[in-house]
Protein chains: 2
Amino acid sequence: MARKTGSHSEITGPRIRAEASRLFARHGFAAVSMRQIAAAVGVQAGALYLYTPDKEALLFDLLKTHMDELLAAWAEVPRGTGALTALEAFVRFHIRHNLPRAEAVFLSYMELRNLSESNFAVIEALRRAYETELETILRAGQAEGVLALPDPKLAAMAIIAMLTGVNTWYREGGRLSRETVETIYWDMVRKAVGA
Amino acid sequence: MARKTGSHSEITGPRIRAEASRLFARHGFAAVSMRQIAAAVGVQAGALYLYTPDKEALLFDLLKTHMDELLAAWAEVPRGTGALTALEAFVRFHIRHNLPRAEAVFLSYMELRNLSESNFAVIEALRRAYETELETILRAGQAEGVLALPDPKLAAMAIIAMLTGVNTWYREGGRLSRETVETIYWDMVRKAVGA
DNA sequence: GTCTATAGGTTGATAGAC
DNA sequence: GTCTATCAACCTATAGAC
């Protein structure tokens with residue numbers, strides 16, 4: 001297919017999102033200017049506005065895409081028949097999925113406050129849907145009698161916080177492989193919920 | 001003691017820190033201007049520079065004070081004789097201490113990236129010292145044979161992440177009292193480390 | 001699709017009056 | 001100890017040329 005000189009819409013769009021994600025995660029949304037993002041991409045600031053109506057929409061797009069991908073990826077994970085296999089699947093999935101997405105995970109926690117009220121509500125609902133996935137597994141485990149926990153909602157929050165925490169210290173090529181980390185965390189979660 | 005009219009150094013200093021903490025936590029360090037802080041305190045922007053050499057020093061002061069208070073408060077907690085009572089003391093202390101300090105806890109996580117390299121190193125060292133406190137308890141528990149865990153370092157990171165996560169969802173006057181939350185989390189931690 | 005130029009406003013920090 | 005006034009630099013977003 002012929003392409004006009006200087007026309008790169010299929011490349012520039014994704015590159016803007018990638019550089020914005022990197023810069024927002026490193027310096028914070030408010031600390032990063034549109035000029036900086038443009039410079040990292042290799043265009044002038046004005047060109048960014050062909051791809052996003054404004055700066056906040058760019059952030060929202062990053063967070064929304066991250067949450068959509070998270071929920072879609074989880075929906076495709078095979079989770080066996082019982083609550084226990086489902087719980088193990090969730091624990092391993094959460095670590096495996098989020099570890100290579102440290103920037104987006106960090107943004108989804110830290111930069112929610114820079115969204116408009118309605119955009120915030122969208123992300124918040126998706127986050128809650130994900131938490132409910134785990135809570136449902138825990139309640140099923142209680143009903144099956146294979147789990148013993150004082151409070152499924154708190155257990156869900158505790159487990160997700162614990163698993164997401166891996167992102168803060170894990171370094172590729174460090175002491176432990178991602179596989180080993182998964183197994184160690186699964187061991188702690190399994191015991192914590194009385195399995 | 002006589003005091004000149006318009007002289008409020010003993011009041012203005014703390015108020016600047018309080019308002020800065022509140023605004024930084026709500027909107028992010030970079031998103032808050034010195035003028036906004038000054039307006040919240042009820043002075044003009046120029047007056048802030050009597051109390052801090054620059055904006056970053058104000059942030060550093062907040063984080064340093066928070067970490068110093070955390071370590072000092074933990075040093076005074078009675079922790080019984082064995083590793084198990086020490087672990088329970090740590091779990092309850094962490095929740096009890098951090099819950100009324102949500103702003104400072106959030107800042108200490110999120111705004112580290114806005115510190116200079118040397119100021120960052122100071123906070124990082126204090127954070128690591130706190131983590132080591134827990135790790136030491138876990139290793140002692142292993143040695144005593146009262147705990148069974150695959151990796152004390154990972155367990156320490158997992159426990160702290162889990163406990164700090166309480167701050168993200170706990171609301172005063174909600175479904176559960178702080179006391180109940182402490183007990184539920186202690187139950188999960190105790191099981192997770194094989195006690 | 002990208003550039004240059006620009007409008008209109010805010011920023012951190014300082015100087016000097018009181 | 002605080003205020004007012006100010007500087008130079010930077011910001012987001014848009015208009016119009018190519």
Side-chain angles (χ1 to χ4, degrees), chain A residues 1-24 26-63 107 111 113-117 119, chain B residues 1-24 26-63 107 111 113-117 119:
Chain A
M1 266 203 258
R3 187 188 287 166
K4 285 182 207 156
T5 305
S7 173
H8 306 287
S9 75
E10 285 151 27
I11 282 185
T12 305
R15 288 208 52 210
I16 289 172
R17 284 187 283 278
E19 295 296 342
S21 177
R22 191 177 62 82
L23 289 166
F24 288 163
R26 185 167 305 181
H27 305 290
F29 174 76
V32 175
S33 70
M34 295 299 264
R35 281 175 178 80
Q36 280 176 272
I37 298 169
V41 173
V43 296
Q44 292 299 315
L48 298 183
Y49 292 88
L50 294 170
Y51 299 91
T52 181
D54 56 33
K55 194 182 171 192
E56 193 224 306
L58 182 52
L59 175 64
F60 176 68
D61 182 52
L62 293 174
L63 302 196
L107 288 183
E111 302 294 0
R113 59 193 173 186
N114 287 300
L115 296 177
S116 70
E117 208 169 330
N119 281 344
Chain B
M1 267 204 258
R3 189 189 285 169
K4 285 182 207 153
T5 305
S7 174
H8 307 287
S9 74
E10 286 150 27
I11 282 184
T12 305
R15 287 208 52 210
I16 288 172
R17 284 186 284 278
E19 294 297 341
S21 177
R22 193 177 61 81
L23 289 166
F24 288 164
R26 185 167 304 181
H27 305 292
F29 174 76
V32 175
S33 70
M34 295 299 266
R35 283 171 177 79
Q36 279 177 272
I37 298 169
V41 173
V43 297
Q44 291 299 315
L48 299 183
Y49 291 88
L50 295 169
Y51 300 91
T52 183
D54 55 34
K55 195 182 172 191
E56 192 224 306
L58 182 52
L59 175 64
F60 176 68
D61 183 51
L62 293 174
L63 301 196
L107 287 183
E111 303 294 0
R113 59 193 173 186
N114 287 299
L115 296 178
S116 70
E117 209 169 328
N119 280 344

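Just so it is clear, the structure is predicted and the values come from calculations on it, not from any experiment. Every chain is numbered from 1, with letters handed out A, B, ... down the list of sequences.
- Nucleotide C:dG12 holds its P atom 8 Å from the CZ atom of B:Phe29, rounded to whole Å.
- At a threshold of 4.5 Å between non-hydrogen side-chain atoms, the residues B:Ile37 and B:Leu23 count as touching.
- Residue A:Tyr51 places at least one side-chain N or O under 4.0 Å from the OP1 or OP2 atom of C:dT2.
- Checking side-chain atoms of A:Arg15 against main-chain N and O of A:Val41 turns up a donor-acceptor pair under 3.5 Å.
- Atom C1' of nucleotide C:dT11 and atom CG of B:Asp54 are separated by 14 Å, given to the nearest angstrom.
- Rounded to a whole Å, the CZ atom of A:Arg15 is 11 Å from the P atom of C:dT2.
- Rounded to an integer number of Å, the gap from B:Arg35 CZ to D:dT4 P is 12 Å.
- Proximity of A:Gln44 to the phosphate of C:dT2: no side-chain N or O atom is located under 4.0 Å from OP1 or OP2.
- Comparing B:Leu50 and A:Gln36 by the nucleotide of DNA chain D that holds the closest heavy atom to each, the one mapping nearer the 5' end is B:Leu50.
- Residue-level contact check: A:Val41 touches neither bases nor backbone, having no heavy atom under 4.0 Å from any strand.
- Rounding to whole angstrom units, OH of residue B:Tyr49 and C1' of C:dT11 are separated by 9 Å.
- The closest donor-acceptor contact from the side chain of B:Lys55 to the backbone of B:Ser33 lies at 3.5 Å or more, if one exists at all.
- The distance from atom CD1 of A:Ile16 to atom C1' of C:dT2 is 11 Å, rounded to the nearest whole Å.
- Considering only side-chain N and O atoms, A:Thr12 lies nowhere under 4.0 angstrom from the phosphate OP1 or OP2 of C:dG1.
- At least one side-chain nitrogen or oxygen of B:Ser33 sits closer than 4.0 Å to the OP1 or OP2 atom of C:dT11.
- If you measure from atom CD1 of A:Ile11 to atom C1' of C:dG1, you get 13 Å, rounded to the nearest angstrom.
- Here the straight-line distance linking atom CD of B:Glu56 with atom CG of B:Asn114 works out to 8.0 Å at 0.5 Å rounding.
- With rounding to the nearest 0.5 Å, the separation of CE in A:Met34 from CG in A:Leu58 is 6.0 Å.
- As rounded to whole Å, 12 Å separates atom C1' of D:dA13 from atom NZ of A:Lys55.
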